[in-house]
Undergrad: 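One structure follows; several queries about it will come next.
To find a chain, count down the sequence lines: A is the first, B the second, and so on, and within it residues start at 1. Since the model is a prediction, treat every value here as computed from it, not as a measurement.
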Number of protein chains: 2
Amino acid sequence: MNMKVFSEKVGLSSHTLRYYEKIGLLNQVQRNASGHRVYGKKEEVWVGFIKRLKETGMPLEEVLRYATLREAGGSTLLERQHLLEKHREGLMRHIEQQQAHLSVLEEKIDLYKSGKVA
Amino acid sequence: MNMKVFSEKVGLSSHTLRYYEKIGLLNQVQRNASGHRVYGKKEEVWVGFIKRLKETGMPLEEVLRYATLREAGGSTLLERQHLLEKHREGLMRHIEQQQAHLSVLEEKIDLYKSGKVA
DNA sequence: ATACAAGTTAGAGTTCACTCTAAGTCAAGC
DNA sequence: GCTTGACTTAGAGTGAACTCTAACTTGTAT
């Protein structure tokens, strides 16, 4: 799979994919004879996971920590688990907070609907 | 209420408060004889609302649209309501997406716990 | 053979939302 | 009266995550 196809498949620009590679988030990408990148299923799954972590508000630096542990092999399993568990806690708190904000927003909208706001 | 007290009360730095003023988010702040800002309850409530919108992911530019409509008076009530309703829809979708991400994350953590991940 | 689309690199530029700096004025305690 | 801390302004600097540019090479369709 070349850059163009992969880029469209994962929904990230070629610029972004090269940027991820540069910061160490996406290593060991194969090259063909002429130096062009060749992506496979492995990269597709991994980029999908990166995107999920990012969408849940994890900064790239922490995604990179996970990526680095992952590349270090099986001895880092527990540390990776803890990293994800910590992230889950944050995500749960985030969801709760957003739900609280939603309630207040709905109250505000009700004030508008009943003409009680100037 | 002077800068220091207000800053601590609303949890934003004096820099940020002046920045909000500069971009038009916080207008008509009173000044005392020597040109220092004097904040009141009105500003406190308004900054609280700004913070809530911001925390739900609204960019400052859109908060500013709301602020501008608000200052334009009663003729913009419906437009403000629509803006908030649109934001509510986005927020609801965001919460749903985060909940989906949380489920996947929990599955991943379970894989780590049961030793099914390398 | 020739377009032209897509690939490569290093590095510069952009956007958002602050955050800080410089240079100066003002206020409160001793 | 003097130090210390808070205030003022305009404008520069920061960090995250891209996003784009220039200059060049490669691949594909006619």
Side-chain angles (χ1 to χ4, degrees), chain A residues 1-40 43-44 46-68 87 90-91 94 97 101, chain B residues 1-40 43-44 46-68 87 90 94 101:
Chain A
M1 197 171 358
N2 65 11
M3 186 84 245
K4 182 91 184 305
V5 174
F6 186 65
S7 163
E8 275 158 16
K9 201 158 191 174
V10 301
L12 293 176
S13 76
S14 56
H15 294 298
T16 300
L17 288 167
R18 280 189 287 257
Y19 167 71
Y20 279 5
E21 223 177 297
K22 185 156 67 180
I23 66 173
L25 222 48
L26 200 52
N27 296 327
Q28 290 120 283
V29 176
Q30 301 302 310
R31 300 294 183 117
N32 67 14
S34 49
H36 290 193
R37 288 170 183 80
V38 178
Y39 296 97
E43 282 77 24
E44 195 182 324
W46 173 230
V47 169
F49 192 58
I50 292 175
K51 285 188 76 182
R52 196 179 293 278
L53 291 178
K54 241 182 48 62
E55 273 163 34
T56 51
M58 188 184 281
L60 289 187
E61 198 173 326
E62 198 172 349
V63 181
L64 181 55
R65 277 222 314 127
Y66 181 85
T68 308
H87 186 55
L91 183 51
H94 172 74
Q97 193 185 292
H101 284 326
Chain B
M1 201 172 353
N2 66 9
M3 187 85 245
K4 182 90 183 308
V5 174
F6 186 66
S7 163
E8 275 158 17
K9 201 157 191 174
V10 301
L12 294 175
S13 76
S14 55
H15 294 299
T16 300
L17 287 167
R18 280 189 286 258
Y19 167 71
Y20 280 6
E21 224 177 295
K22 185 156 69 180
I23 66 172
L25 222 49
L26 200 52
N27 295 328
Q28 289 119 283
V29 177
Q30 301 303 308
R31 300 294 182 116
N32 66 16
S34 49
H36 291 193
R37 289 170 183 79
V38 178
Y39 296 97
E43 282 78 23
E44 196 182 324
W46 174 230
V47 168
F49 192 58
I50 292 176
K51 284 188 77 182
R52 195 178 294 277
L53 291 178
K54 243 181 47 60
E55 273 162 33
T56 50
M58 187 184 283
L60 288 187
E61 199 173 325
E62 197 171 349
V63 181
L64 181 55
R65 277 222 312 127
Y66 181 83
T68 308
H87 186 57
H94 171 74
H101 284 326

Undergrad: Could you tell me the boundaries of the chain B footprint on DNA chain D, defined by atoms under 4.0 Å from its heavy atoms?
TA: D:dA6 to D:dG11
Undergrad: For B:Leu12 and A:Arg37, take the nucleotide of DNA chain C holding the closest heavy atom to each; which residue's nucleotide lies nearer the 5' end?
TA: A:Arg37
Undergrad: With the threshold set at 4.0 Å, does a side-chain nitrogen-carboxylate oxygen contact exist between A:Glu21 and A:Arg31?
TA: yes
Undergrad: Measure the distance from NZ on A:Lys22 to P on C:dA10 and round it to the nearest whole Å.
TA: 8 Å
Undergrad: Could you please name the option among C:dT8, C:dT19, C:dA27 that lies closest to any side-chain atom of A:His36?
TA: C:dT8
Undergrad: Over 60° means perpendicular and under 30° means parallel, so tell me whether A:Tyr39 and A:Phe6 are parallel, tilted or perpendicular.
TA: parallel
Undergrad: Let me spell it out: for each of B:Glu61 and B:Asn32, pick the nucleotide of DNA chain C with the closest heavy atom. Which residue's pick is nearer the 5' end?
TA: B:Glu61
Undergrad: Any side-chain N or O of B:Tyr20 less than 4.0 Å from the OP1 or OP2 oxygen of C:dC18?
TA: yes
Undergrad: For a side-chain contact (heavy atoms from CB on, under 4.5 Å) check, start with the C-alpha distance between B:Lys54 and B:Leu60, then their side-chain angles and the critical distance, and finish with the verdict.
TA: CA-CA 7 Å; B:Lys54 243 181 47 60; B:Leu60 288 187; 3.5 Å; yes
Undergrad: Tell me whether A:Glu62 contacts the main-chain N or O of A:Pro59 through its side chain, where contact means a donor paired with an acceptor under 3.5 Å.
TA: no
Undergrad: Before we go on, tell me: are the rings of A:His94 and B:His94 under 6.0 Å apart, centre to centre?
TA: yes
Undergrad: Please determine if A:Lys4 and A:Glu8 form a salt bridge, counting it only when a charged side-chain N lies under 4.0 Å from a carboxylate O.
TA: yes
